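Just so we're clear, the structure is a prediction, and the values are computed from it rather than from any experiment. Protein chains get the first letters and strands the later ones, always in sequence-line order, with residue 1 at the start of each.
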Protein chains: 2
Amino acid sequence: MATLGDVAAKAHVSKMTVSRVINHPEKVTRELRELVYAAMSELNYQPNIAAKALANNRTQIVKLFILEKMDTVEPYYMSLLAGLADALDEKNYALQLVTKNSLEVGNCDGYVVTGMRNKDYGWLETVEKPIVLYGENQMGFDYVDTDNLLGLRTSTNYAFTCGYTTVVFVGINLPDSFAESREKGYTLAMAAHHAPPIIYRVDNRSHISDDLITKHFTKFPKNVCFVCASDRLAIGVERAIQRQGGKIPEDYGVIGFDGVFLDRIGSPQLTTIRQPVQKMGYETGRMVLRKIEENGSPQGHEVFVSTLVPRGTTRAPKSLPAK
Amino acid sequence: MATLGDVAAKAHVSKMTVSRVINHPEKVTRELRELVYAAMSELNYQPNIAAKALANNRTQIVKLFILEKMDTVEPYYMSLLAGLADALDEKNYALQLVTKNSLEVGNCDGYVVTGMRNKDYGWLETVEKPIVLYGENQMGFDYVDTDNLLGLRTSTNYAFTCGYTTVVFVGINLPDSFAESREKGYTLAMAAHHAPPIIYRVDNRSHISDDLITKHFTKFPKNVCFVCASDRLAIGVERAIQRQGGKIPEDYGVIGFDGVFLDRIGSPQLTTIRQPVQKMGYETGRMVLRKIEENGSPQGHEVFVSTLVPRGTTRAPKSLPAK
DNA sequence: ATGCCTTGTGTTACCGATAACATGGGTCTA
DNA sequence: TAGACCCATGTTATCGGTAACACAAGGCAT
């Protein structure tokens, strides 16, 4: 593998000039710069990351903390990881996965944290290096997330657009920001339609939402749409309705949230609000790298819009769905 | 952060002695060794990975190639990753995720490859550094996998144990080793029971298996068990049977394969053959690290036994299930 | 007692990059 | 036209480890 020195020799300049071409190209005359570029591509030069890391007093590693038990972890994490990995690769950073067992801090340049619950914040404060959260929060941490409120407002509105007269919310019973935002999106949309909110909050498990709907099914005569805070809940709801003999989408609608993997497991496949998870992962990576570069300066937050994916669990809209 | 030098100073020895204590402790007298250990823990010494990598002409990076489209990727990959990451962490290795977009080779010490299809092998031959596959293969690559044949033999036998008189195989129509092994496990078990095999092969998608069973349902009067090559297929089968009004588990049994995440999505939850995925990920990591250490020497393969998890989609066994 | 081997430890050089400083030639100003 | 200043480039030292070699002390055979 060619080194800086090899490139320098080939271009008849010093190593320092080559290094400058790479890191501060504006400080080198165009002539030499092009000589160096030529030499680099001729030798197929790839920088030695370890050497770079050592010289810069960096590790070129970003740790990803997944603060959830692995066996309940959502499938969409894979997409998140893929996006994250892409962003880090671009800057020659490596990803280090840290699961709940080994929450070791240190030996990295920054952190991405997912699956945060409110109880985790205290602990996070003690970490010194740049942190970016994947998931909205009220504690002032930089984050990337989807617009949870808008998402549920969209699905609730869409339920009305499809002509369902009763719209029920099946939410996640966690005291966390994302869960509250989704509920709020529902509540606001209901208010706008002058309809009384009907809210359930349960654990984010399909058989729990299944039980819930099974138990309360008689309360819901026809023309009801269940808007759910996750596809996982929606799957359970769909199943419960079908078992009770309810007709989807004619008499009952179901709308999920997430749109990664699980939405396609149901039959009919779920109408859902799809998060651009891979893209969000990518931007999370970019954000943490930017933060590292800028010595930890605040990055604020980046919020992505999720899109409605109409499928088999809702009937055709009566008019064009509102944007 | 404390360095080798700091530890050396504190223990009144040279840096070299400290390095030896870490890498070749047997070459240092017990007396000094303990002095050094004391100094290390007192200073909470953590080796600088970049420096180590540079000195050893290593990168301390293992790349994971996922040769599948991200949006169809199985949820159990998360468990795999978690195990893999654990193993790499132990030796201060970082994981670099590589998805189909950017199959860049280089800048790492070794590779783990998953989602191999037969067509990928040619390309793999050209890679020079240590490779370990996650998934059985006939091409002589080192690998870690579950015993696919035994797994399906177990589920098929269990179907008979539960008293189902017809056992049907729903397999994956790929020309790959794992798919063939699963089918063979079924075939062998059927032969042992002097029962004629009934085999379907379809894409590994739940709505495809759903359609399949829906279409052929009339061929299967009561007392049939469907043994599937994946939980994904099993979910579709379960749904199709229920939609047709078949009773699970009384008249129809369904047995899946994998036992990560999806098996709990169905209702009733799937009887399945569970792979110890996280453990397998861990051992894959260990294997590739060992291979790196030993300059690429062959490691053979490591095969894990999957375990039967009896749940709601099969009725109670008539006798104790055969091991 | 001499020489030789072994064993344990320290010294030196080096891995591949970068920051800080040194140098040398040209331009601008008084 | 001397001196100050700037710009582009080279030189040196350094990041934190490790291999290779140097060296001193002790054991053993002759």
Distance check needed: [N] [atom2] versus [X] [atom1], whole Å only.
| X | N | atom1 | atom2 | result |
| --- | --- | --- | --- | --- |
| B/L54 | C/dT18 | CG | P | 12 Å |
| B/N56 | C/dC14 | CG | C1' | 12 Å |
| B/Q60 | C/dC15 | CD | P | 18 Å |

Listed partners of [X] passing side-chain hydrogen bond (donor to acceptor under 3.5 Å, both in side chains), at least two apart:
| X | result |
| --- | --- |
| A/Y77 | A/E68, A/T114 |
| B/Y282 | B/E90 |
| B/N48 | none |
| A/Q60 | none |

*Can you name the residues that form a salt bridge (charged side-chain N to carboxylate O under 4.0 Å, His left out) with A/R58, not counting sequence neighbours?*
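With neighbours one apart ignored, the set is empty.
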
_Tell me if a side-chain donor or acceptor on A/K291 pairs with a main-chain N or O of A/Q299 at a distance below 3.5 Å._
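Side chain of A/K291 to backbone of A/Q299: no pair is present.
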
*Checking A/D258 side chain against A/Y76 main chain: does a donor-acceptor pair fall under 3.5 Å?*
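Between the backbone of A/Y76 and the side chain of A/D258 there is no qualifying donor-acceptor contact (under 3.5 Å).
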
*Which atoms form the tightest heavy-atom contact between A/V260 and A/S79, and what is the distance?*
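Scanning both residues, the minimum pair turns out to be CG1-OG, 3.8 Å.
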
*Pick base, sugar-phosphate or nothing for A/N48, based on heavy-atom distances below 4.0 Å to the nucleic acid.*
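Sugar-phosphate contact only.
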
*Pair listing, salt bridge (charged side-chain N to carboxylate O under 4.0 Å, His left out) test, anchored in residues 39-54 of chain A, at least two apart*: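 Residue pairs passing salt bridge (charged side-chain N to carboxylate O under 4.0 Å, His left out), neighbours aside: A/K10-A/E42.
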
Throw together a table of side-chain donor-acceptor distances under 3.5 angstrom for residues 16-24 of chain A, partners on residues two or more places apart or in other chains.
{"from": "A/T17", "atom 1": "OG1", "to": "A/S14", "atom 2": "OG", "distance (Å)": "3.4"}
{"from": "A/N23", "atom 1": "ND2", "to": "A/S19", "atom 2": "O", "distance (Å)": "3.2"}

*With a 4.0 Å heavy-atom cut-off, tell me which residues in residues 22-30 of chain A come close to DNA chain C, sorted by residue number.*
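Those residues are A/N23.
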
*Determine which pairs satisfy side chain to side chain donor-acceptor pair (under 3.5 Å) with at least one residue from residues 30-41 of chain A, sequence neighbours left out, and list them in order.*
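The answer is none; no pair qualifies.
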
Could you go over nucleotides 10-13 of chain C and give all protein N or O partners under 3.5 Å, atom names and distances?
{"from": "C/dG10", "atom 1": "OP2", "to": "B/S14", "atom 2": "N", "distance (Å)": "3.2"}
{"from": "C/dG10", "atom 1": "OP2", "to": "B/S14", "atom 2": "OG", "distance (Å)": "3.1"}
{"from": "C/dG10", "atom 1": "OP2", "to": "B/T17", "atom 2": "OG1", "distance (Å)": "2.4"}
{"from": "C/dG10", "atom 1": "O6", "to": "B/R20", "atom 2": "NH2", "distance (Å)": "2.6"}

*asked:* Based on the rotation axes of five pairs at each end, what angle does the helix from C/dA1-D/dT30 to C/dA30-D/dT1 bend through, to 10°?
replied: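 For the helix from C/dA1-D/dT30 to C/dA30-D/dT1, the axes at opposite ends meet at about 50°.
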
*Examine C/dT18: is either OP1 or OP2 under 4.0 Å from a nitrogen or oxygen in the side chain of A/S19? Give yes or no.*
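So the side chain of A/S19 is within the cut-off, an N or O lying under 4.0 Å from OP1 or OP2 of C/dT18.
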
*Please state whether the rings of A/H301 and A/Y143 are parallel, tilted or perpendicular, taking 30° and 60° as the class boundaries.*
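Correct class here is parallel.
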
*Side chains of B/T59 and B/D109, donor plus acceptor under 3.5 Å*: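 Side chains of B/T59 and B/D109: pair found under 3.5 Å.
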
*Under a criterion of less than 4.0 angstrom to any heavy atom of chain A, what are the 5'-terminal and 3'-terminal contacting nucleotides of DNA chain D?*
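Taking any atom under 4.0 Å from a heavy atom of chain A, the span is D/dA8 to D/dG16.
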
